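Just below is one structure, and these are the notes that go with it.
Just so it is clear, the structure is predicted and the values come from calculations on it, not from any experiment. A note on names: the letters A, B, ... follow the listed sequences, proteins ahead of strands, and every chain is numbered from 1.
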2 protein chains.
Amino acid sequence: MDRFTALQVFRHVAELNSFAEAGRRLGLSPAAISKNIAELEAHVGARLINRTTRRMALTEEGRIYLEHIVRGLDAFSDADRALSPLRMGPSGTLRVSAPMTVTLTRLSAAIPRFLGKYPEIALDLQLDDRRVDLVREGFDLAIRGSDHLEDSTLIARKLAVMPHVLCAAPSYFEAHGRPKAPPDLRSHQCIRFSLSGHADVWEFKKNGRIERVAVSARYSVTSSLAVRDALREGFGLGLIPFPYVENDLREGRLQCALEDWRTVETTLYAVYPSRQHLAPKTHAFLDFLTEEFGQ
Amino acid sequence: MDRFTALQVFRHVAELNSFAEAGRRLGLSPAAISKNIAELEAHVGARLINRTTRRMALTEEGRIYLEHIVRGLDAFSDADRALSPLRMGPSGTLRVSAPMTVTLTRLSAAIPRFLGKYPEIALDLQLDDRRVDLVREGFDLAIRGSDHLEDSTLIARKLAVMPHVLCAAPSYFEAHGRPKAPPDLRSHQCIRFSLSGHADVWEFKKNGRIERVAVSARYSVTSSLAVRDALREGFGLGLIPFPYVENDLREGRLQCALEDWRTVETTLYAVYPSRQHLAPKTHAFLDFLTEEFGQ
DNA sequence: TCCGATCATTCCCCAGTGGTGAACAATATC
DNA sequence: GATATTGTTCACCACTGGGGAATGATCGGA
């Protein structure tokens with residue numbers, strides 16, 4: 001039986017002192033009211049309402065029961081109401097995981113604007129290049145740089161594609177020469193971003209031809225920014241997302257090599273647990289992200 | 001949908017951190033658990049639990065919701081528990097309405113024994129010769145002297161039949177003579193118990209013949225005990241339940257007349273609102289009554 | 001690395017439940 | 001007395017809530 005409606009019926013009947021009136025309020029037939037009360041009494045094992053066709057009054061049991069019931073029902077409507085602000089406007093605490101580098105280079109400057117737009121949102125932003133477990137660690141959303149398809153039941157929205165470029169400092173090219181084709185890389189000093197899915201093997205394409213080069217690197221590091229720093233110092237060649245070195249290239253601090261070859265690209269995804277019942281706060285942040293990376 | 005089970009499911013899932021385990025505890029299939037949670041989320045309009053097949057964690061909404069829900073569910077189990085003492089042993093307050101006279105003559109002496117036997121019962125005994133409205137005034141049980149069938153939806157259990165006798169004091173008979181047949185009563189001084197259903201017309205039967213006498217009385221009173229007092233004083237003839245005058249007759253203070261005619265009788269009923277879910281306290285009192293009147 | 005076990009979800013199917021509407025009995029009201 | 005209202009009961013029925021199996025994902029261990 002449906003306890004919940006039975007209890008609601010009981011409450012209405014008790015407070016309105018009438019079966020028929022309760023039925024009208026709840027949009028139920030008199031028959032339904034009668035049955036609900038009877039069921040509830042059967043469940044409780046006690047008569048709750050003494051009644052004839054014209055009069056009705058709670059029994060002692062009924063009074064005691066009602067008292068508790070009302071507390072319970074109120075708690076439930078409170079529960080629904082407690083969620084409505086979170087459902088209405090974007091508010092609450094938003095837990096986001098994002099990789100350090102991409103955040104610092106492309107996002108963190110814009111975040112105050114986001115927080116300014118949604119004063120009800122508190123942002124807990126965890127910068128971490130690990131691939132975090134969304135649900136285990138309770139994140140609402142994560143940003144991931146991924147080069148392969150998403151694996152799990154999570155939802156992924158593509159934010160941006162970051163093509164990689166092979167580059168080094170002018171001083172490096174002067175000292176070691178400039179590679180003409182991918183295989184030349186074997187004799188070069190390569191700097192490796194170790195968290196990349198293609199850290200060990202660098203891939204180049206031209207005219208449908210694919211060249212793979214197993215890279216041996218004396219310097220592996222878990223941040224592309226550290227790679228960039230090393231590149232600037234002329235320590236070696238690196239494969240690095242274009243946006244990170246855009247300024248360096250324009251201003252001549254770094255130069256590209258093998259520009260006629262296409263190489264890997266990192267796709268940036270926003271990942272979240274489910275598309276259903278997406279919380280407004282999460283929705284707002286998603287919009288912010290797509291807008292921010294969309295330009 | 002059944003909110004109640006959905007909420008129970010949600011609580012179990014949240015506290016056990018597992019859909020499957022919750023299913024086992026509640027005796028439900030995994031499918032049912034899944035559906036319940038999905039329904040609840042649809043009702044609430046927010047995702048309550050983030051989940052993959054292996055991990056699950058409450059969302060912010062889920063935590064808030066759970067907090068309220070638990071209060072509500074606890075209130076409900078409290079409600080059930082609050083009634084169980086009333087269901088188990090006879091206890092609580094028992095409200096009984098009874099006619100003054102029959103109580104004083106046949107019951108009140110035994111009541112302390114009843115209360116001694118059931119220490120958890122408090123008795124609120126309203127002595128009132130009115131015909132009270134059981135449910136309107138919130139009685140658990142009423143004792144009624146009735147000479148006609150019960151009229152309403154109430155349940156009536158027969159307690160005793162009290163035949164009436166026509167009697168008066170010896171002094172009265174000496175002064176006014178002894179009636180030989182019902183019609184003689186017209187010339188007698190009659191004392192009337194005005195609450196009786198047959199106060200105006202006294203009925204006598206013999207050999208299937210029925211005699212009705214319209215009684216004119218100078219003294220009408222609402223208590224049979226007052227009638228008895230008047231009879232003892234030799235003021236007139238009265239039709240009165242036999243038990244009330246049993247001692248007087250045995251000891252010669254009063255004498256019968258028309259003993260070869262059968263006259264009306266009052267049947268004593270215990271009346272209560274319903275046979276279903278009879279509270280133990282009421283049951284105990286009913287047993288007490290039948291025992292007390294049964295001898 | 002592969003296989004078996006476990007978990008949540010989805011689909012389909014079905015019994016059982018809660019609902020309605022009408023007939024009914026009791027009782028207020030006019 | 002006639003009428004209207006109320007709570008109960010009885011069929012009847014749509015629909016829901018549950019089980020079972022298949023599916024996809026993930027974990028743990030060999």
Side-chain angles (χ1 to χ4, degrees), chain A residues 1-10 12-14 16-43 47-57 131 133-136 149-156 273-276, chain B residues 1-10 12-14 16-43 47-57 131 133-136 149-156 271 273-277:
Chain A
M1 79 163 185
D2 185 347
R3 283 267 283 287
F4 189 81
T5 50
L7 293 175
Q8 271 189 320
V9 166
F10 175 58
H12 276 79
V13 167
L16 298 172
N17 240 277
S18 157
F19 279 51
E21 183 57 25
R24 262 158 292 176
R25 297 277 182 100
L26 293 169
L28 290 178
S29 68
I33 304 293
S34 215
K35 272 204 230 172
N36 270 288
I37 297 294
E39 269 173 21
L40 190 58
E41 289 180 327
H43 165 77
R47 178 156 254 244
L48 296 171
I49 302 178
N50 278 332
R51 48 200 183 275
T52 63
T53 32
R54 301 314 284 188
R55 309 274 171 215
M56 54 148 293
R131 171 159 305 225
D133 183 326
L134 267 204
V135 304
R136 190 216 295 257
L149 298 154
E150 267 311 314
D151 39 329
S152 89
T153 54
L154 302 175
I155 310 302
S274 169
R275 204 186 310 278
Q276 293 156 350
Chain B
M1 82 164 183
D2 186 347
R3 283 265 285 288
F4 189 81
T5 49
L7 293 175
Q8 271 189 319
V9 166
F10 174 58
H12 277 78
V13 167
L16 298 172
N17 239 278
S18 157
F19 279 50
E21 182 58 25
R24 261 158 297 181
R25 296 277 181 101
L26 293 168
L28 291 178
S29 69
I33 303 292
S34 216
K35 275 201 228 172
N36 269 288
I37 297 295
E39 269 174 23
L40 191 58
E41 288 180 327
H43 165 77
R47 179 156 254 245
L48 297 171
I49 302 179
N50 278 333
R51 49 200 183 273
T52 63
T53 31
R54 300 315 283 187
R55 308 273 170 216
M56 53 148 293
R131 169 159 306 224
D133 184 326
L134 266 204
V135 302
R136 189 215 294 258
L149 299 154
E150 268 310 314
D151 39 327
S152 88
T153 53
L154 303 175
I155 310 300
V271 174
S274 169
R275 205 186 310 278
Q276 293 156 350
H277 309 302

For the pair made of [atom1] in [X] and [atom2] in [N], what is the distance, rounded to whole Å?
X	N	atom1	atom2	value
A/Arg55	C/dA25	CZ	P	22 Å
A/Leu154	D/dT26	CG	C1'	12 Å
B/Ile33	D/dG18	CD1	P	9 Å
A/Leu134	D/dA25	CG	C1'	15 Å
A/Leu48	D/dG7	CG	P	16 Å

To the nearest 0.5 Å, what is the distance between [atom1] ([X]) and [atom2] ([Y])?
X	Y	atom1	atom2	result
A/Glu21	A/Leu26	CD	CG	10.0 Å
A/Leu28	A/Thr5	CG	OG1	8.0 Å
A/Leu40	A/Gln8	CG	CD	12.0 Å
A/Asp2	B/Arg3	CG	CZ	9.5 Å

Counting distance only, does the side-chain N/O of [X] pair as donor-acceptor with the main-chain N or O of [Y] below 3.5 Å?
X	Y	result
B/His43	B/Glu39	no
A/Arg24	A/Ala20	yes
B/Arg51	B/Ile49	yes

For B/Val13, which of B/Asn36, B/Ile37, B/Leu48 qualifies under side-chain contact (heavy atoms from CB on, under 4.5 Å)?
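Answer after filtering B/Asn36, B/Ile37, B/Leu48: B/Ile37.
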What one should report as the nearest heavy-atom pair of B/Asn50 and A/Pro273 is OD1-CB, 3.2 Å
Heavy-atom closest contact (B/Met56 atom, B/Asn17 atom, distance)
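Heavy atoms only, the tightest pair is O-OD1, 3.1 Å.
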Between protein and nucleic acid, restricted to nucleotides 14-20 of chain C and to nitrogen or oxygen atoms under 3.5 Å apart, what atom pairs and distances do you find?
unit_1: C/dG18; atom_1: OP1; unit_2: A/Met1; atom_2: N; d: 3.4
unit_1: C/dG18; atom_1: OP1; unit_2: A/Asp2; atom_2: N; d: 2.9
unit_1: C/dG19; atom_1: OP2; unit_2: A/Asn36; atom_2: ND2; d: 3.2
unit_1: C/dG19; atom_1: N7; unit_2: A/Lys35; atom_2: NZ; d: 3.1
unit_1: C/dG19; atom_1: O6; unit_2: A/Lys35; atom_2: NZ; d: 2.9
unit_1: C/dT20; atom_1: OP2; unit_2: A/Ser29; atom_2: N; d: 2.9
unit_1: C/dT20; atom_1: OP2; unit_2: A/Ser29; atom_2: OG; d: 2.6

Just how large is the angle between the end axes of the helix from C/dT1-D/dA30 to C/dC30-D/dG1, five pairs per end, to 10 degrees?
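Inter-axis angle at the termini of the helix from C/dT1-D/dA30 to C/dC30-D/dG1: 40°.
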Could you pull out the protein-nucleic contacts involving nucleotides 3-6 of chain D (nitrogen or oxygen on both sides, under 3.5 Å)?
unit_1: D/dT5; atom_1: O2; unit_2: A/Arg54; atom_2: NH1; d: 2.6
unit_1: D/dT6; atom_1: O4'; unit_2: A/Arg54; atom_2: NH1; d: 3.0
unit_1: D/dT6; atom_1: O3'; unit_2: A/Thr53; atom_2: O; d: 3.4

If you find the nucleotide of DNA chain C closest to B/Arg51 and the one closest to B/Asp133, which residue's nucleotide is nearer the 5' end?
B/Arg51
B/Lys35/B/Glu41 salt bridge by N-O under 4.0 Å criterion:
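No, this pair does not count.
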